[in-house]
Amino acid sequence: MKTSVFLLSVAASLLMTLNADAQEGKPWIHDPSTIMECDGKYYTFGTGGGGLISEDGWNWYPGAERPGGGAAPDALKIGDRYLIAYSSTGGGLGGGHSGTILTMWNRTLDPDSPDFAFTEAVQVAYSEVDEDCDAIDAGLFLDPTTGRLWCTYGTYFGFIRIVELDPATGARMEGNEAVNIAIDCEATTITWRNGWYYLLGTHGTCCDGVNSTYNIVAGRSREVTGPYLDNMGRDMLAGGGRMVVDGDDRQFGAGHFGRYVVDEGVEKMSFHWEADLDRSARSVLAIRPLIWENDWPSAGDAFKEGVYEISSVRRGYALELAVDFVRQNLPRRGWWEATDEPEVSYPNQTLDDVLATWPEGEIPARIGDWMNRPHQRWSVVAVPEAGGYLGGQYFKIQIEGTERVLAATQDAEVTTVPAYTGAPEQLWRIEQLTDGTFRIMPKAVPGRTGGYVLTSIADSTPTLAEYDFASDNCRWTFKRK
């Protein structure tokens with residue numbers, strides 16, 4: 001639930017897929033809460049009382065703690081405190097549909113901190129055995145326009161409901177009545193963007209491993225209490241919902257949405273896979289780019305290794321080595337020439353055709369017309385030992401068939417060096433933006449701090465500059481070759 005502001009053997013191919021698609025470490029979790037950042041680390045909580053901690057957002061390990069056990073928690077930072085909501089029963093747990101939603105506070109999520117101490121849990125909602133709503137799967141939402149705090153809850157057994165909480169205490173606002181806002185889903189949460197409230201819920205069946213049909217859907221409304229309609233105008237109270245993410249090639253059962261805003265135009269969505277075939281069919285944490293298409297959320301794809309044309313959105317020209325253009329000496333035929341000669345398929349220019357003409361040391365990068373030439377073909381390769389960032393790992397970007405890699409310089413420029421050494425300035429963070437394009441960031445710029453990204457300052461001139469989502473200069477596309 002939730003909301004918070006790339007010829008190998010078959011075995012090697014599977015490993016590559018695992019490295020590209022899955023969080024590393026031991027990311028076992030079910031019903032993950034919204035990811036929270038606390039003192040430089042990331043936290044998420046799950047059903048059963050425990051949770052995961054990550055120092056870089058890519059490698060996750062058990063260690064997060066919360067009391068109370070129960071199911072499907074959520075987390076939200078309000079001021080300098082963290083509010084946790086969870087359900088003690090419900091959803092058919094223990095054989096019935098009676099349940100309780102509780103909230104509690106902590107000033108830190110670090111269990112090793114001397115300030116780590118949860119307050120007593122407070123009940124904010126409950127359901128009876130025969131009620132048409134299960135008090136389970138709490139989702140917290142702090143309205144950025146009003147400062148009001150809300151909690152959604154419920155399962156596919158009955159209605160999804162919303163109640164208002166006090167942002168100072170986490171208790172239910174006195175006299176507040178629950179409002180029905182959806183059916184036929186569970187694990188709901190609300191988020192706000194561009195004047196719309198979005199209700200995201202998990203549809204389908206859960207808790208059946210590889211046979212789980214969980215998928216995440218969304219509706220939107222101008223009011224926090226609904227009505228929430230999908231892209232076809234169907235009310236979520238009548239079973240509506242637009243698809244956000246469903247099953248993948250090797251992972252199935254996407255459930256429990258969480259939103260994390262990294263930067264302007266850089267957002268992530270977290271959830272769990274009910275079963276990951278590359279992880280012994282376990283339930284695991286998943287993080288994908290969050291894309292907004294015509295003001296509708298959808299899951300982007302985890303970036304994969306491969307050979308790409310990397311082009312600037314500014315003009316559409318491609319990133320390349322600054323080397324002399326080597327002509328291909330192929331015969332030309334006039335279109336007006338009548339001939340009975342058979343057609344011939346000519347090869348593309350190869351690396352062997354041009355490599356001897358390239359300098360041996362550093363070669364600057366530039367941007368030029370895409371011609372599918374060797375100096376324009378970039379092999380993007382994951383570097384697992386380099387760690388990662390929230391939802392992604394670092395890559396080296398090298399000319400296909402060579403060891404030459406793209407690197408940042410101490411003058412905040414970009415060049416290519418003859419061989420990869422593992423230096424931070426040769427590692428790149430590739431993040432899909434909310435419009436589907438990408439930003440490309442060096443892990444480090446020698447002698448500098450700040451969020452430098454690969455930038456096109458002119459049609460043929462790449463450099464490094466401060467990130468600006470509003471500018472096409474900072475946006476890039478990757479076309480697989």
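The first residue of the sequence shown is numbered 1, and numbering continues consecutively from there.
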Side chains of N215 and T213, donor plus acceptor under 3.5 Å:
no
To the nearest 0.5 Å, what is the distance between CG (L140) and OG1 (T152)?
8.0 Å
Determine whether a donor-acceptor pair (N or O, by modelled atom type, separation under 3.5 Å) exists between the side chain of N106 and the backbone of M104.
no
Hey, are Q426 and Y394 close enough side-chain-wise for a donor-acceptor pair under 3.5 Å?
no
So, do F438 and F303 have ring centers that fall under 6.0 Å from each other?
yes
Flag, side chain of S113 to backbone of D115, donor-acceptor distance under 3.5 Å
yes
CD of E55: more than 12 outside heavy atoms within 6.0 angstrom?
no
Donor-acceptor under 3.5 Å (K443 side chain, A386 main chain)
yes
In Å and rounded to the nearest 0.5 Å, what is the CZ to OG1 distance from R314 to T455?
10.5 Å
Whether the side chain of S33 engages the backbone of F45 through a donor-acceptor N/O pair (distance < 3.5 Å, no angle test) should be reported.
yes
For D472, enumerate each residue passing the salt bridge (Lys or Arg N to Asp or Glu O under 4.0 Å) test, keeping only those at least two apart in sequence or located in another chain.
R475
Scan side-chain atoms only and decide if Y43 and T108 contain a donor-acceptor pair under the 3.5 Å cut-off.
no
Quick one: does any side-chain atom of T205 pair with a main-chain N or O of S212 as donor and acceptor, under 3.5 Å?
no
Is W476 reaching over with its side chain to a backbone N or O of L454, donor-acceptor style, under 3.5 angstrom?
yes
Non-neighbouring partners of D468 that pass salt bridge (Lys or Arg N to Asp or Glu O under 4.0 Å), sequence neighbours left out:
none
Under 3.5 Å, side-chain donor or acceptor atoms of residues 163-179 against the rest of the protein: list the pairs with distances, not counting sequence neighbours.
| unit_1 | atom_1 | unit_2 | atom_2 | d |
| --- | --- | --- | --- | --- |
| E164 | OE1 | R148 | NH2 | 2.8 |
| E164 | OE2 | R148 | NE | 2.8 |
| D166 | OD1 | A168 | N | 2.8 |
| T169 | OG1 | A171 | N | 3.1 |
| R172 | NE | N176 | O | 3.3 |
| R172 | NH1 | V124 | O | 3.2 |
| R172 | NH2 | N176 | O | 3.1 |
| N176 | OD1 | E164 | N | 2.8 |

Between W296 and Y198, how do the two ring planes meet: parallel, tilted or perpendicular, split at 30° and 60°?
perpendicular
For Y126, is there any backbone N or O sitting under 3.5 Å from a side-chain donor or acceptor partner on T100?
no
How far does OH of Y317 sit from OG of S311, to the nearest 0.5 angstrom?
11.0 Å
Distance in Å, D137 CG paired with T189 OG1, rounded so as to fall on 0.5 Å steps
11.0 Å
Please name all residues satisfying salt bridge (Lys or Arg N to Asp or Glu O under 4.0 Å) with D80, sequence neighbours left out, ordered by chain then number.
R107
Does D143 have any salt bridge (Lys or Arg N to Asp or Glu O under 4.0 Å) partners at least two apart in sequence or in another chain, and if so, which?
none
What side chain to side chain donor-acceptor pair (under 3.5 Å) pairs are there with at least one residue in residues 220-230, not counting sequence neighbours?
D230-R234
I need the S88 OG to I136 CD1 distance, nearest 0.5 Å.
9.0 Å
Checking the side chain of T202 only, and the main-chain atoms of H256 only, is there a donor and an acceptor separated by less than 3.5 Å?
yes
Is the CD atom of E120 crowded by more than 12 outside heavy atoms at less than 6.0 Å?
no
Aromatic ring pairing F118/F116, orientation class (parallel under 30°, perpendicular over 60°, tilted between):
perpendicular
Under the side chain to side chain contact (heavy atoms under 4.5 Å, CB included) test against L199, which residue among V224, L229, V217, I190 passes?
I190
